[in-house]
Amino acid sequence: MIEAALIHQCADPQIEIATVERFIGEAGSDNPLSVTITSGDRIILPQVPQNADDAVRLIQRFVGQATVRVGVTQYPAGYGVTDAKEISTNLVDACQNIRMGSKLFGKVYRIVAHARGEAGPGTFREALAAWRTGIFQDAYVFGEADPGPHSDEEDVSPEDPPETIAGSEPDGVTSLSEQNFDPYAAGIRVDLSTLKGQKNYE
């Protein structure tokens, strides 16, 4: 079993650790050298790699001809690769694989969340299915653009000046647009009622 400390150390920071742990627990492997090869409904069972170099040679042999999933996260070995020679031992390094896999799964999760309009348990299940098949809504999900974090409200940039943000005025202060430049509509008022009846002596 992959240690939680390793996941915490290596997981992509854009996705919650609990989600990464569940993702690896349900879709991943305990063996960093794990290479799963499928072609259609057929599973190819080659000799199990004994070291990182063996694993890389096996991946290079089948990538582009079959679906090859690798390592702790069962990362899609063919993603972003134009030449099998580009594949290195980084793919079967546990930490590197967790970093790449959690980052790519995070994108898949956000794609599903945006499509469904929410992020929740159902979204995770759909994202997991999309990860396993590589397909979501009849499209190659790994090649889709990352829509960014799903949120009901847009984040406010800290550089935005307060007066440009709707509803940002402190309580009791009226914005200039609401004042209509009325000099008596100042946000801060001084109570002069206690001075009534008092004479002004010079």
Side-chain angles (χ1 to χ4, degrees), residues 1-45 55 58-59 62-82 84 86-87 90-157:
M1 184 174 181
I2 300 300
E3 295 181 2
L6 184 66
I7 296 176
H8 280 248
Q9 174 187 343
C10 303
D12 183 77
Q14 294 186 73
I15 184 170
E16 292 183 0
I17 290 295
T19 301
V20 177
E21 290 177 334
R22 186 180 173 191
F23 156 59
I24 292 175
E26 296 194 30
S29 170
D30 292 339
N31 180 10
L33 297 178
S34 171
V35 179
T36 305
I37 305 168
T38 57
S39 180
D41 295 330
R42 188 165 57 98
I43 300 175
I44 300 172
L45 298 173
L58 182 60
I59 296 165
F62 284 96
V63 73
Q65 303 176 45
T67 299
V68 183
R69 297 300 184 98
V70 183
V72 175
T73 63
Q74 288 296 278
Y75 186 87
Y79 172 66
V81 175
T82 56
E86 298 173 13
I87 295 170
N90 283 343
L91 203 56
V92 291
D93 175 83
C95 187
Q96 292 285 355
N97 189 278
I98 290 171
R99 182 172 292 114
M100 292 186 297
S102 59
K103 182 176 182 178
L104 187 56
F105 180 75
K107 182 178 84 165
V108 172
Y109 183 88
R110 290 186 290 272
I111 288 170
V112 175
H114 274 262
R116 298 297 179 234
E118 62 178 359
T123 301
F124 178 85
R125 301 307 309 176
E126 282 199 78
L128 204 61
W131 175 267
R132 285 171 170 152
T133 63
I135 302 296
F136 177 67
Q137 295 184 333
D138 299 323
Y140 179 61
V141 69
F142 301 131
E144 295 292 295
D146 192 334
H150 179 271
S151 175
D152 293 333
E153 297 179 359
E154 293 294 329
D155 291 334
V156 175
S157 171

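Just so you know, these numbers use all the heavy atoms, side chains as well, and skip hydrogens, waters and symmetry mates.
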| Between I24 and T73, is a side chain to side chain contact (heavy atoms under 4.5 Å, CB included) present by the stated rule, with each step listed? | CA-CA 6 Å; I24 292 175; T73 63; 4.1 Å; yes
| query | V81 and V63: side chain to side chain contact (heavy atoms under 4.5 Å, CB included), yes or no, with the steps? | reply | CA-CA 9 Å; V81 175; V63 73; 5.5 Å; no
| task | Please step through side chain to side chain contact (heavy atoms under 4.5 Å, CB included) for the pair R69 and T38, ending with a clear verdict. | result | CA-CA 9 Å; R69 297 300 184 98; T38 57; over 6 Å; no
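Of the inter-residue distances, the one linking L104 atom CG with F23 atom CZ reads 8.0 Å to the nearest 0.5 angstrom. Here the CE-CG distance, from M100 to D93, works out to 8.5 Å after rounding to the nearest 0.5 Å. Atom CD1 of residue I59 and atom CG of residue L33 lie 9.0 Å apart, to the nearest 0.5 angstrom.
Using a distance-only test at 3.5 Å, with no hydrogens or angles considered, no donor-acceptor pair links the side chain of T123 to the main chain of Y109. For the pair D12 (side chain) and S102 (backbone), a donor-acceptor distance under 3.5 Å is absent.
The side-chain heavy atoms of P32 and V92, taken from C-beta on, include no pair separated by under 4.5 Å.
The shortest non-hydrogen separation linking A66 to I44 is CB-CD1, 4.5 Å. Smallest separation of non-hydrogen atoms from I37 and F62: CD1-CD1, 3.5 Å. For Y75 against W131, the heavy-atom pair with the smallest separation is CA-CZ2, 4.0 Å. For G106 against I15, the heavy-atom pair with the smallest separation is CA-CD1, 3.8 Å. Heavy-atom minimum distance, I87 versus A77: CD1-O, 4.2 Å. In plain terms, the two heavy atoms of I2 and S29 that are nearest each other are CG1-O, 3.9 Å.
Residue pairs meeting the salt bridge (Lys or Arg N to Asp or Glu O under 4.0 Å) criterion with at least one partner in residues 14-35, sequence neighbours excluded, are R22-E26, E26-R125.
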Atom pairs and distances, side-chain donor-acceptor, residues 134-147, under 3.5 Å, sequence neighbours left out:
unit_1, atom_1, unit_2, atom_2, d
D146, OD1, R110, NE, 3.0
D146, OD1, G148, N, 2.9
D146, OD2, R110, NE, 3.3
D146, OD2, R110, NH2, 2.7

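Listed by chain and residue number, S34, T36 satisfy the side-chain hydrogen bond (donor to acceptor under 3.5 Å, both in side chains) test with Q74 (two or more places apart in sequence, or in another chain).
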